[in-house]
Amino acid sequence: MSVNDADQPGPEQLEAVRQLVARASEVGRVSGRQPWREVVVWLTRGRWGRRAGWPVVPVLTKPWQDTISAERHGWRTRAANLDDDFAFAVDYRICHRCRIGWVEQPYTHPRYRRHGLASAGFAALRAEHAGLSWHTLGGHFRSSQPFWATVGAGVPGGYHQRGPCPHLER
Ligand SMILES: [Zn+2]
């Protein structure tokens with residue numbers, strides 16, 4: 001990360017973030033099986049940079065995107081695009097038999113925190129997968145507990161920690 005990552009967003013960036021929050025249902029998708037011909041920008045930096053043995057995850061042109069996860073086999077990544085980078089990203093996994101959704105390691109770019117990106121991304125996932133209860137696979141750092149309390153308020157499952165069900169492939 002550069003030293004400028006924590007800079008305050010300018011008015012144009014704030015407006016861009018507002019647009020992302022408002023358009024969280026506009027999602028470009030790559031199944032993982034189809035060829036990636038829609039790919040226009042290849043991600044080359046930050047936490048999502050290339051790693052040996054992991055697939056390269058594309059950045060699509062829609063405001064939000066849904067791709068295979070670069071870090072967790074069998075998981076998907078929901079991300080918000082801003083300036084050819086991710087303003088927000090979270091890995092998620094659904095079990096339709098158990099009616100459970102898990103999210104892991106949500107990340108908001110430091111410049112764009114506290115503007116509702118995570119809440120909007122989570123709400124879009126819940127809207128697309130109605131009737132699930134929502135959890136995290138891992139525990140919550142003490143420092144992130146206020147975040148989870150906020151995004152989990154009124155949500156079935158509340159994003160409390162819950163281990164994998166028998167149906168999740170390893
Ligand atoms: Zn299950």
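Numbering of ligands and ligand atoms starts at 1, following listing order. Starting from 1, each residue takes its place in the sequence as its number.
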Would you check if the side chain of S144 reaches a backbone N or O of F141 as a donor-acceptor pair within less than 3.5 Å?
-> yes
Does the E104 side chain pair with the main chain of L137, one donor and one acceptor, at a distance under 3.5 Å?
-> yes
Does H96 bring an N, O or S atom to under 2.8 Å of the Zn ion (ligand 1)?
-> no
Exam field: side chain R76 to backbone D66, donor-acceptor pair closer than 3.5 Å = yes
Output the atom name for the N/O/S atom of H167 with the smallest distance to the Zn ion (ligand 1).
-> ND1
Hey, does the side chain of W64 reach the backbone of S25 with a donor-acceptor pair shorter than 3.5 angstrom?
-> no
Opening angle at the Zn ion (ligand 1) [SG, C95; SG, C98; to 10 degrees] | 120°
